[in-house]
Visitor: 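I'd like to ask some things about the structure below.
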Protein chains: 2
Amino acid sequence: MKIGVLGTGVVGEAIATALISKGHNVMMGSRSAGNEKAKSWKKKAGEHASEGTFNDAALHGELIFICLNGEYTLEAIIGVNAENLTNKIVVDITNPLDFTQGMPPRILEDFRIESLGEQVQSAIPQAYVVKALNTINYNLMVDARKVAGGNHNIFICGNDPDAKNKVKHFLVDNFHWTPEGLVDLGDIKAARCTEAIVPFWVMVWQSLGTPLFNFKVVK
Amino acid sequence: MKIGVLGTGVVGEAIATALISKGHNVMMGSRSAGNEKAKSWKKKAGEHASEGTFNDAALHGELIFICLNGEYTLEAIIGVNAENLTNKIVVDITNPLDFTQGMPPRILEDFRIESLGEQVQSAIPQAYVVKALNTINYNLMVDARKVAGGNHNIFICGNDPDAKNKVKHFLVDNFHWTPEGLVDLGDIKAARCTEAIVPFWVMVWQSLGTPLFNFKVVK
């Protein structure tokens with residue numbers, strides 16, 4: 001499958017690398033083509049890897065992952081040609097966190113009422129935005145088995161049921177999530193909640209001393 | 001032990017009833033003495049139960065539980081005579097939620113930066129405020145075994161380590177929590193995080209169809 005990954009940070013690199021290892025054809029997108037981190041990744045990742053602008057990566061992908069710093073996500077998305085995202089599924093992994101005011105991090109002011117996930121969907125109404133994977137460490141995103149044999153939960157939301165289903169299957173097929181591990185919280189408005197728990201996740205990380213943990217819903 | 005429970009709603013009644021069953025001497029406090037719900041509870045709860053004002057209940061208690069609607073908590077606390085709370089441990093179970101804007105609920109505007117837990121501690125600096133139990137359903141608060149045999153987590157914070165330890169022991173001794181189930185997130189500032197996850201809890205409740213669930217941290 002042709003996949004566009006927007007972002008060259010640790011999350012983008014983890015997602016892109018995992019997808020290459022599963023046989024996908026992945027383009028990593030950044031603000032400008034020739035980004036040093038993207039070039040270095042491409043070199044390591046081999047023949048199915050490429051790099052370009054955000055716009056190039058969106059055009060390339062049948063499926064897009066947004067792996068950007070929450071603060072710059074909307075700006076990046078708005079800069080992509082609308083037709084390159086038309087009818088595509090966009091998995092939004094971003095978090096609008098502000099670490100500048102000390103711990104715990106805060107949600108950036110612009111996203112305290114309407115979440116970043118909702119604002120991404122509003123910015124690209126021609127795409128199907130699915131918020132997912134944003135509540136865990138990037139190493140765990142791409143291999144659920146790294147914690148408790150994969151027996152734990154992530155929380156998915158989005159307006160289009162078919163797009164959510166496709167993303168669920170993709171996560172099961174590529175990142176070792178179990179179907180029962182994927183909890184559907186409804187439409188994209190639920191991103192308010194899945195973004196709002198990330199400062200809590202950070203505090204639990206501090207308390208445990210490792211980011212390799214997750215939450216499991218128990219009844 | 002003499003315990004004051006501020007609040008006559010479902011949370012206050014659950015806590016007060018469970019503590020009576022453990023042999024404690026419990027006074028339920030409300031805005032004015034003779035509250036119908038408090039009188040009705042007292043009648044059912046028997047000879048170790050009493051009712052009075054918030055101030056009466058604070059005076060009565062060696063340990064105080066705040067089980068009020070988040071919106072009215074500060075007002076109630078500020079109305080209590082300062083000396084009735086001096087050097088006492090106050091367990092704050094409240095959540096500053098606004099359900100008037102539809103789902104998911106929002107955090108009330110006054111508590112989006114500085115949490116209700118912090119503001120309660122600031123309002124009563126002569127007391128040791130411990131934020132606990134606010135992330136679960138009231139039936140589960142008082143008997144951890146009601147979900148997954150008690151094998152799940154709650155998150156505790158507060159400025160005084162000794163007060164937190166006493167609350168942990170109290171929860172283990174009275175409400176069947178296991179020591180490993182109690183995750184300490186540090187000082188009262190962490191209440192920002194444990195309050196912020198409650199809208200998420202509400203969405204998971206909707207998704208599961210039952211409030212009798214909890215989160216378990218898995219590594």
Side-chain angles (χ1 to χ4, degrees), chain A residues 98 101-107 109 111-115 118 135-137 140 144 146-153 155-157 181-219, chain B residues 98 101-107 109 111-115 118 135-137 140 144 146-153 155-157 181-219:
Chain A
D98 175 6
Q101 311 295 311
M103 295 296 262
R106 297 179 182 182
I107 301 294
E109 192 172 357
F111 307 103
R112 284 183 200 148
I113 297 294
E114 202 179 319
S115 65
E118 289 168 275
T135 58
I136 50 175
N137 176 263
L140 189 54
K146 284 188 177 162
V147 161
N151 187 16
H152 45 88
N153 295 102
F155 305 90
I156 292 183
C157 62
L182 308 173
V183 178
D184 191 331
L185 294 185
D187 68 29
I188 194 68
K189 215 187 246 189
R192 296 179 190 183
C193 300
T194 61
E195 293 174 9
I197 65 170
V198 179
F200 171 74
W201 182 92
V202 171
M203 294 306 276
V204 176
W205 169 18
Q206 290 211 320
S207 172
L208 297 182
T210 172
L212 273 182
F213 71 91
N214 196 10
F215 303 109
K216 177 173 162 52
V217 176
V218 293
K219 284 197 284 191
Chain B
D98 175 6
Q101 310 294 311
M103 295 295 262
R106 296 179 180 179
I107 300 294
E109 192 173 356
F111 307 103
R112 285 184 199 148
I113 298 294
E114 202 179 319
S115 64
E118 289 168 275
T135 59
I136 50 174
N137 175 262
L140 190 53
K146 284 189 178 163
V147 161
N151 187 15
H152 45 88
N153 296 101
F155 305 90
I156 293 182
C157 63
L182 308 172
V183 178
D184 191 331
L185 293 185
D187 67 30
I188 193 68
K189 215 187 245 188
R192 295 178 191 184
C193 300
T194 60
E195 293 173 10
I197 65 171
V198 178
F200 171 75
W201 182 92
V202 171
M203 294 305 277
V204 177
W205 169 19
Q206 290 211 320
S207 172
L208 297 183
T210 172
L212 272 182
F213 71 91
N214 196 9
F215 303 109
K216 176 173 161 53
V217 176
V218 293
K219 284 197 284 191

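In what follows, chains are A, B, ... by sequence order, proteins preceding strands, each numbered from 1.
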Visitor: Looking at B/His152, B/Arg192, B/Gln206, which makes the most heavy-atom pairs under 4.5 Å with chain A?
Guide: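 Highest number of heavy-atom pairs under 4.5 Å: B/Arg192.
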
Visitor: If you count heavy-atom pairs under 4.5 Å with chain B, which of A/Val198, A/Val202, A/Leu185 comes out on top?
Guide: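 With the most close heavy-atom pairs to chain B, the winner is A/Leu185.
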
Visitor: Within a 6.0 Å radius of atom CD on A/Glu109, are there more than 12 heavy atoms belonging to other residues, nucleotides or ligands?
Guide: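 Open: at most 12 neighbouring heavy atoms sit under 6.0 Å from CD of A/Glu109.
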
Visitor: Where is the tightest heavy-atom contact between B/Pro104 and A/Cys193, given as atom of each residue plus distance?
Guide: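 For B/Pro104 versus A/Cys193, the nearest heavy atoms are CB-SG, 3.4 Å.
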
Visitor: Using non-hydrogen atoms only, which part of A/Ile113 is less than 4.5 Å away from chain B: side chain, backbone, both, or neither?
Guide: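 For A/Ile113, the side chain is the part near chain B, not the backbone.
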
Visitor: Once you round to the nearest 0.5 Å, how far does CG of A/Asn151 lie from NZ of B/Lys216?
Guide: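 Going from CG on A/Asn151 over to NZ on B/Lys216, the span is 10.0 Å.
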
Visitor: Between A/Ser207 and B/Asp184, which heavy-atom pair has the shortest distance, and what is it?
Guide: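 For A/Ser207 versus B/Asp184, the nearest heavy atoms are OG-O, 3.2 Å.
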
Visitor: CZ of B/Phe215 to CG of A/Asn153: how many Å apart, nearest 0.5 Å?
Guide: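 Rounded to the nearest 0.5 Å, the CZ-CG separation comes out at 8.5 Å.
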
Visitor: Looking only at heavy atoms and a cut-off of under 4.5 Å, which of A/Val218, A/Ile197, A/Thr194 has the most pairs with chain B?
Guide: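 Top option by heavy-atom pairs under 4.5 Å: A/Val218.
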
Visitor: Starting at CD1 of B/Ile107, measure out to CZ of A/Arg112 and round the result to the nearest 0.5 Å.
Guide: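 Reported to 0.5 Å precision, the distance equals 12.0 Å.
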
Visitor: Side chain, backbone, both or neither: which part of A/Leu212 has a non-hydrogen atom closer than 4.5 Å to chain B?
Guide: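 Only the backbone of A/Leu212 comes within 4.5 Å of chain B.
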
Visitor: Quick check for you: among B/Phe155, B/Phe200, B/Trp201, B/Phe213, which has the greatest number of heavy-atom pairs under 4.5 Å with chain A?
Guide: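 Option with the top pair count is B/Phe200.
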
Visitor: Indicate the atoms forming the closest heavy-atom contact of A/Val217 with B/Leu208, along with that distance.
Guide: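 Heavy atoms only, the tightest pair is CG1-CD1, 3.6 Å.
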
